[in-house]
Amino acid sequence: STRSHSSRAGPIRTPQHPIKMATSTAAAMTRRAASAPRIQSRAMSMMPTFEEFPGVPATTPSPASASTTTVSTVGGLTIATESSARTSTVSLTMPGGGSASEAMGESGSALASRFMTFKSSETRSSLATLRMLQDAGAESFAAAGRTSAVVGYSGAPEVAAEGGLLATLVAEVAHERWDVRDALKTAAYARGKAMADPHALLTDKIYAAAFG
């Protein structure tokens, strides 16, 4: 009876050694990793060769051209135009508007006049001038140095030559009390900031000693 029972149960399988199991698992993983580059290379070969970046629209670049500058004189104004400029700058330079041209009792007037630019005129208030510049997308600037002063604005080429903006550069300042008060306060703040800068003081003393 024992013999017949063993024949019905079938042969007894011997459990595989752990080292052999690990070896077979590693071999299977190696075969799988070896097949991955083949799949990737097959997918890359199906991509079109005429597209540098698949899915990105094609571009038609053109070589950049050098900018050319044209200088002309209109009504006493010297205008320099660059062909590749994205913005235009209109400035009015006053050679005798610097601090070196101040008479006795006028000390600081060049700095104060810098902050009187684009203020109230006979035809437009300070707020209206500011709104006009903002609506045109223009940015105003003003500077006063030892030898000269400059005032102007920058903006898109199509608005830089607009008549209303050009008129602000030559408009007669009304010297309203509030504009003068604000200009004097701003000038005093700028002076105090400069007096606290040792580099600015030293540069001013050296310049005064060299050129008077």
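Just so it is clear, the values below take in all heavy atoms, side chains as well, and ignore hydrogens, waters and symmetry mates.
In terms of heavy-atom proximity, Ala187 sits nearest to Ala112 at CB-CA, 4.1 Å. Ser88 and Pro157 make their closest contact through OG-CA, 3.4 Å (heavy atoms, listed as atom of the first residue, atom of the second, distance). Among all heavy-atom pairs drawn from Ser91 and Val150, the shortest one is CB-CG2, 3.9 Å. Between Ser121 and Ala171, the closest heavy-atom pair is CB-CB, 4.0 Å. The two residues Gly155 and Val159 have their closest heavy-atom pair at C-CG2, 4.4 Å.
At least one side-chain heavy atom of Met132 sits less than 4.5 Å from a side-chain heavy atom of Leu165. The closest side-chain heavy-atom distance from Leu169 to Tyr153 is below 4.5 Å. Residues Leu130 and Phe118 have side chains not in contact (no heavy-atom distance under 4.5 Å, counting atoms from C-beta outward). With contacts defined as side-chain heavy-atom distances shorter than 4.5 Å, the pair Met116/His175 qualifies.
Put simply, CZ on Arg131 and OG on Ser125 are 8.0 Å apart, with the number rounded to the nearest 0.5 Å. Remark: Arg191 CZ to Thr186 OG1 distance equals 15.0 Å, nearest 0.5 Å.
Here the side chain of Glu106 pairs a donor or acceptor atom with the backbone of Ala103 at under 3.5 angstrom. Panel note: side chain Arg114, backbone Ala142; a donor-acceptor pair is recorded below 3.5 Å. Proximity of a side-chain donor or acceptor of Thr203 to a complementary backbone N or O of Ala200 within less than 3.5 Å is not detected. Of the possible donor and acceptor atoms, none in the side chain of His199 sits under 3.5 Å from a partner among the backbone N and O of Asp197.
Phe115 and Val151 end up in different hydrophobic clusters when Ile, Leu, Val, Met, Phe, Trp and Tyr side chains are linked at under 4.5 Å.
Other residues, nucleotides and ligands place more than 12 heavy atoms under 6.0 Å from the CZ atom of Phe141. Shown here is Glu102, whose CD atom has more than 12 heavy atoms of other residues, nucleotides or ligands within 6.0 Å. Counting heavy-atom neighbours within 6.0 Å of Glu158 CD, excluding the residue itself, gives a total above 12. No more than 12 heavy atoms of other residues, nucleotides or ligands shown are found within 6.0 angstrom of CE on Met195.
Using a 4.0 Å cut-off between a side-chain N of Lys or Arg and a carboxylate O of Asp or Glu, Lys119 and Asp182 do not qualify as a salt bridge.
Ser126 and Ser120 share a side-chain donor-acceptor pair at under 3.5 Å.
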